[in-house]
Enquirer: 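Pasting in a structure now, in structure tokens, and then I'll have a few things to ask.
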Amino acid sequence: MILEMNNIEKNFIGTTHTDMALCDVSLCVDSGEVVSIIGPSGSGKTTLLRCATFLETIDSGSIIYKGETVAQTSGGGTAEYVSKKDMARIRNYFGLVFQNFNLFPHYSILRNVMDAPITVQKREKDEVEEEARKLLDKMGLASKAGAYPCQLSGGQKQRVAIARALAMNPDILFFDEPTSALDPELTGEVLKIIRRLADEKMTMVIVTHEMSFAKAVSNRVIFIDKGCIVEQGDPGELFDNPKQERTRQFLQNYNR
């Protein structure tokens, strides 16, 4: 098991217990598994990813990576995290691809991919550069190594972002709506890369609004609404024969 999130609760200021960002959400991800998270806007999908990647802190519950507990509810009823040093080490277990790329505009494409392995993981520059160039080639961007983000299309920027995440050699990759900032033509090239990673058994959690893609690429699909997991299971079953009325309503509205 790479990731376990147990009974996660997250409440933002101004919300009530009945309208929590996340309410008693549990998620487990095995090695090589692709899990897609779907749901309406504001349902808690991105908040769940941000909690899993420590960009948000949970109020209660537990987060465990590869058997190491990162956060768990204390005797006082609130979640306590491990030390900053341990957090920094555990961050190397995962990579995160944002919907808006988050590339450094003043760095070349090659340097964007190389930066974190050198500055964070303290790896040798020559080794990192060789690996970065291979990753850019894998993304179909070998000729763009010396270019800058402003010279790339949105689809190319997102492929650089994926290469940058892979350069850290993570055990699991998180995608937060990786195609939401792209037009339909560019969406296909990014989804093709993610599908290839799935074929290579890369462990992934994907927040997406691409229903057909989620059905095709996932081992498991989770439907979230109002901060709660309404239904989860095999993609074919969930999309073709959902058990919950709320899931049926969402899929009917989405497919109109």
Side-chain angles (χ1 to χ4, degrees), residues 1-31 33-100 102 116 119-121 165 168 170-178 180 203-208 220-233 244 246-247 250:
M1 190 75 66
I2 291 182
L3 171 64
E4 296 176 63
M5 300 181 74
N6 302 308
N7 311 113
I8 301 298
E9 299 211 346
K10 174 66 179 176
N11 195 357
F12 292 110
I13 295 174
T15 58
T16 66
H17 186 78
T18 56
D19 189 30
M20 297 186 74
L22 295 173
C23 184
D24 197 27
V25 170
S26 296
L27 167 69
C28 293
V29 185
D30 277 322
S31 178
E33 191 176 19
V34 179
V35 178
S36 288
I37 302 175
I38 63 172
S41 297
S43 60
K45 307 184 300 295
T46 293
T47 300
L48 179 58
L49 244 64
R50 289 178 65 84
C51 288
T53 55
F54 317 150
L55 295 174
E56 298 282 357
T57 56
I58 61 174
D59 294 323
S60 63
S62 64
I63 302 175
I64 303 167
Y65 273 98
K66 298 174 65 175
E68 294 186 63
T69 299
V70 183
Q72 62 181 343
T73 304
S74 66
T78 58
E80 292 184 357
Y81 282 76
V82 294
S83 67
K84 289 183 178 180
K85 181 179 179 181
D86 284 336
M87 287 269 284
R89 177 177 53 80
I90 292 170
R91 278 193 176 93
N92 288 310
Y93 295 163
F94 60 78
L96 175 60
V97 179
F98 299 90
Q99 55 184 295
N100 292 318
N102 286 17
T119 59
V120 177
Q121 295 180 331
M168 298 291 282
D171 295 285
I172 182 171
L173 265 186
F174 295 94
F175 292 85
D176 183 14
E177 298 195 7
S180 66
T203 309
M204 294 183 283
V205 176
I206 307 168
V207 167
T208 183
R220 181 158 43 99
V221 175
I222 296 172
F223 172 59
I224 292 181
D225 187 37
K226 296 180 179 178
C228 300
I229 293 179
V230 176
E231 186 169 352
Q232 64 177 305
Q244 302 298 321
R246 181 66 187 97
T247 314
F250 172 76

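Source: prediction; values computed, not measured.
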Enquirer: Nearest 0.5 Å, what's the NZ-SG distance between Lys10 and Cys51?
Expert: 6.0 Å
Enquirer: Could you work out, with side-chain hydrogen bond (donor to acceptor under 3.5 Å, both in side chains) as the rule, every residue matching Glu177, not counting sequence neighbours?
Expert: none
Enquirer: Quick check: closest heavy atoms across Asn7 and Ser26, and the distance to 0.1 Å?
Expert: N-OG, 2.9 Å
Enquirer: I'd like to know if the side chain of Gln121 reaches the main chain of Met168, judged simply by a donor and an acceptor atom lying under 3.5 Å from each other, with no hydrogens or angles considered.
Expert: yes
Enquirer: Quick check on side-chain contact (heavy atoms from CB on, under 4.5 Å): which of Asp59, Leu22, Asp24 does Ile8 satisfy it with?
Expert: Leu22
Enquirer: Check Ala165 against Gly95 and note the closest heavy-atom contact, atom names and distance.
Expert: CB-CA, 4.5 Å
Enquirer: Which heavy atom of Leu173 sits nearest a heavy atom of Leu96, and at what distance?
Expert: CD2-N, 4.5 Å
Enquirer: Apply side chain to side chain contact (heavy atoms under 4.5 Å, CB included) to residues Asp86 and Glu68 and explain how you reach the verdict.
Expert: CA-CA 10 Å; Asp86 284 336; Glu68 294 186 63; 5.9 Å; no
Enquirer: Looking at Pro40 and Arg246, what are the two nearest heavy atoms and their distance?
Expert: CG-NH2, 3.8 Å
Enquirer: Work out which heavy atom in Ile2 is nearest to a heavy atom in Ser31; give both atom names and the distance.
Expert: CD1-CA, 3.8 Å
Enquirer: Output the distance between atom CG (Leu49) and atom CG (Asp176), rounded to the nearest 0.5 Å.
Expert: 5.5 Å
Enquirer: Distance check, rounded to the nearest 0.5 Å: Glu231 atom CD versus Ile38 atom CD1?
Expert: 9.0 Å
Enquirer: Measure the CG-CE distance between Leu27 and Met5 for me, rounded to the nearest 0.5 Å.
Expert: 6.5 Å
Enquirer: Whether the side chain of Thr73 engages the backbone of Gly61 through a donor-acceptor N/O pair (distance < 3.5 Å, no angle test) should be reported.
Expert: yes
Enquirer: Within the distance-only criterion (no hydrogens, no angle test), does the side chain of Glu80 pair as donor or acceptor with the backbone N or O of Ser74 below 3.5 angstrom?
Expert: no
Enquirer: Just say parallel, tilted or perpendicular for the rings of Tyr65 and Phe174, cut-offs at 30° and 60°.
Expert: perpendicular
Enquirer: Is there a side-chain contact between Val70 and Phe54, using heavy atoms and a 4.5 Å cut-off?
Expert: yes
Enquirer: Find the distance between CD (Gln232) and OG1 (Thr247) and round it off to the nearest 0.5 Å.
Expert: 11.0 Å
Enquirer: Taking side chain as C-beta onward, heavy atoms only, is Asp171 less than 4.5 Å from Asn92?
Expert: no
Enquirer: Do you know which two heavy atoms are closest between Gly227 and Val25, and how far apart they sit?
Expert: O-CG2, 3.2 Å
Enquirer: Nearest 0.5 angstrom please: Asp225 CG to Lys45 NZ, how far?
Expert: 9.5 Å
Enquirer: Under the criterion side-chain contact (heavy atoms from CB on, under 4.5 Å), which of Asp30, Val34, Val35 is the partner of Arg220?
Expert: Val35
Enquirer: Could you walk me through whether Phe12 and Glu56 satisfy the side chain to side chain contact (heavy atoms under 4.5 Å, CB included) test, starting with their C-alpha distance in whole Å, then the side-chain angles of each, then the deciding distance to 0.1 Å, before giving a yes or no?
Expert: CA-CA 10 Å; Phe12 292 110; Glu56 298 282 357; 3.8 Å; yes
Enquirer: Passes side chain to side chain contact (heavy atoms under 4.5 Å, CB included), Leu48 versus Ile222? Steps please.
Expert: CA-CA 12 Å; Leu48 179 58; Ile222 296 172; over 6 Å; no
Enquirer: Assess the residue pair Arg91 and Thr53 against the criterion (side chain to side chain contact (heavy atoms under 4.5 Å, CB included)); give the C-alpha distance rounded to whole Å, side-chain angles, the decisive distance to 0.1 Å, and a yes or no.
Expert: CA-CA 7 Å; Arg91 278 193 176 93; Thr53 55; over 6 Å; no
